[in-house]
Amino acid sequence: MNLTKFSLFKLSTASAALVFGIAPQAGAISLNLSSGSWNQTVGGSGIVYQTVASETQVRWGIPPDGGGTNQTSGLGFTGVGPSTFGLGEIFQVGQLRHFNNVILGGTAASAVNLSLSLNFDNPVATQSFNLNLQIEETPNQGSCAYFSITPCADKISISETSLSNPFSVAGIGYTLQLLGFSLTPGGVPINQFISQEGGTNQALLFAKVTAAEPEPVPEPATLAGTALWLVAARWAVGSKRKKT
């Protein structure tokens with residue numbers, strides 16, 4: 001790596017850290033809380049948006065026995081409380097639950113947006129992101145696409161367009177990178193949540209905040225060449241004036 005570019009990158013990263021109120025080597029970003037709400041459901045029948053305790057839910061589908069909302073399928077999101085982390089470090093965004101109940105074919109949703117809000121305590125700032133989740137509710141017969149205890153498990157994933165989310169605080173650029181789901185706090189996040197049929201399954205959603213890449217700057221040789229060109233141009237103009 002060019003030493004000049006490396007120095008500028010270190011300066012940018014340090015500046016980004018200081019905007020969040022931390023020293024480059026120590027301290028952490030302070031997240032006060034996260035929250036979310038559902039919107040723009042694609043497909044599905046009997047769509048219901050509701051809040052149960054601290055969980056925001058979207059429900060869909062028609063149960064074969066004509067049961068109520070609790071018998072439909074859907075997703076639930078619960079935010080997290082205070083946490084601290086450094087730039088580039090993984091942190092938990094919230095908890096996702098999939099209500100994987102049996103519903104009639106053709107009544108399942110295929111996608112939905114999660115409006116995610118992150119409230120930072122240091123500095124005082126709130127950022128919102130509209131994340132698209134893809135829903136693959138599979139037929140409960142024949143060969144299952146995913147490992148299934150009871151035929152057939154479904155899959156929830158984050159759309160590729162929602163994995164990288166730029167934002168800025170005090171004029172400094174950052175990126176919220178969604179890393180995916182894990183069943184445990186210490187697990188490796190992956191961008192798919194396989195939900196077993198016939199029950200409520202949960203996974204944790206993880207992300208990290210990174211500093212935006214610094215703007216490219218001219219190489220020292222380019223700057224020197226430009227300076228020489230300007231000097232030559234001024235000399236040429238001066239010579240022309242003397243001759244006239």
Side-chain angles (χ1 to χ4, degrees), residues 31-63 67-83 91-120 125-138 146 153-167 175-183 189-209:
L31 177 67
N32 185 38
L33 59 86
S34 66
S35 59
S37 60
W38 302 99
N39 60 85
Q40 299 183 36
T41 303
V42 178
S45 302
I47 305 299
V48 174
Y49 299 102
Q50 62 183 16
T51 300
V52 179
S54 60
E55 182 180 60
T56 57
Q57 299 180 1
V58 55
R59 306 298 290 256
W60 61 75
I62 299 176
T69 301
N70 289 340
Q71 301 302 313
T72 62
S73 288
L75 291 171
F77 179 82
T78 303
V80 296
S83 62
F91 68 99
Q92 184 181 335
V93 174
Q95 174 186 273
L96 189 77
R97 292 206 299 168
H98 181 214
F99 309 105
N100 195 353
N101 296 316
V102 177
I103 56 176
L104 296 177
T107 66
S110 60
V112 66
N113 284 356
L114 173 64
S115 181
L116 175 67
S117 177
L118 299 181
N119 178 258
F120 295 103
T126 299
Q127 298 292 328
S128 297
F129 309 91
N130 208 29
L131 311 177
N132 180 259
L133 300 185
Q134 297 293 305
I135 305 158
E136 185 181 348
E137 292 223 2
T138 59
Y146 311 105
D154 302 333
K155 183 180 79 168
I156 311 297
S157 60
I158 305 169
S159 172
E160 291 291 330
T161 58
S162 296
L163 293 177
S164 182
N165 305 273
F167 68 100
T175 300
L176 175 71
Q177 296 182 6
L178 272 298
L179 303 177
F181 308 99
S182 174
L183 300 181
I190 59 174
N191 189 17
Q192 61 176 18
F193 168 28
I194 304 303
S195 174
Q196 295 300 319
E197 184 67 27
T200 299
N201 306 290
Q202 69 180 40
L204 308 178
L205 178 61
F206 291 91
K208 65 180 178 180
V209 174

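Note that this is a predicted model, so its numbers are computed, not measured.
Between the side chain of Asn100 and the main chain of Ser195, a donor-acceptor pair closer than 3.5 Å is present. In this structure, the side chain of Thr72 does not engage the main chain of Arg59 through any donor-acceptor pair within 3.5 Å. Side-chain atoms of Thr138 come within 3.5 Å of backbone atoms of Ala153 as a donor-acceptor pair (strictly under, hydrogens ignored). Proximity of a side-chain donor or acceptor of Asn191 to a complementary backbone N or O of Gly180 within less than 3.5 Å is not detected.
For the pair Ser110 and Ile135, the minimum side-chain heavy-atom distance is 4.5 Å or more. Looking at Val209 and Leu118, their side chains never come closer than 4.5 Å, going by heavy atoms from C-beta outward. In this structure the side chain of Asn165 reaches within 4.5 angstrom of the side chain of Leu131, judged on heavy atoms. The shortest side-chain heavy-atom distance between Asp154 and His98 falls under the 4.5 Å cut-off.
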- Test side chain to side chain contact (heavy atoms under 4.5 Å, CB included) applied to Thr126 and Ser117, step by step: CA-CA 7 Å; Thr126 299; Ser117 177; 3.4 Å; yes

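Here the straight-line distance linking atom NZ of Lys155 with atom CZ of Phe193 works out to 13.0 Å at 0.5 Å rounding. One finds the OG1 atom of Thr78 at 12.0 Å from the CG atom of Leu205 (value rounded to the nearest 0.5 Å). Atoms OG and CG, from Ser159 and Leu133 in turn, are 9.0 Å apart once rounded to the nearest 0.5 Å. Separating the CZ atom in Arg97 from the CD1 atom in Ile156 is a distance of 13.5 Å, to the nearest 0.5 Å. The distance from the CG atom of Leu114 to the CG atom of Leu75 is 9.0 Å, given to the nearest 0.5 Å. Atom-to-atom distance recorded for Leu176:CG and Phe91:CZ is 5.5 Å, nearest 0.5 angstrom.
By the 30° and 60° cut-offs, the orientation of the rings of Phe129 relative to Phe167 is perpendicular.
Partners of Ser73 according to the side chain to side chain contact (heavy atoms under 4.5 Å, CB included) rule, which considers only residues two or more places apart in sequence or in another chain, are Trp60, Asn101, Ile103, Glu137. For Phe99, the ring-ring contact (aromatic ring centres under 6.0 Å, His included) test picks out no residue, with sequence neighbours left out.
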N/O donor to acceptor pairs below 3.5 angstrom from side-chain atoms of residues 32-42, sequence neighbours left out:
residue	atom	partner	partner atom	Å
Asn32	ND2	Asn119	OD1	3.0
Ser34	OG	Val80	N	2.9
Ser34	OG	Val93	O	2.5
Trp38	NE1	Thr56	O	2.9
Gln40	OE1	Asn113	ND2	3.4
Thr41	OG1	Tyr49	OH	2.8

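Closest non-hydrogen pair, Pro189 versus Phe206, comes out as CG-CB, 3.9 Å. Closest of all the heavy-atom pairs between Leu183 and Gln202 is CD2-O, 3.5 Å.
For the residue pair Glu136/Gln134, the side-chain donor-acceptor check at 3.5 Å is not satisfied.
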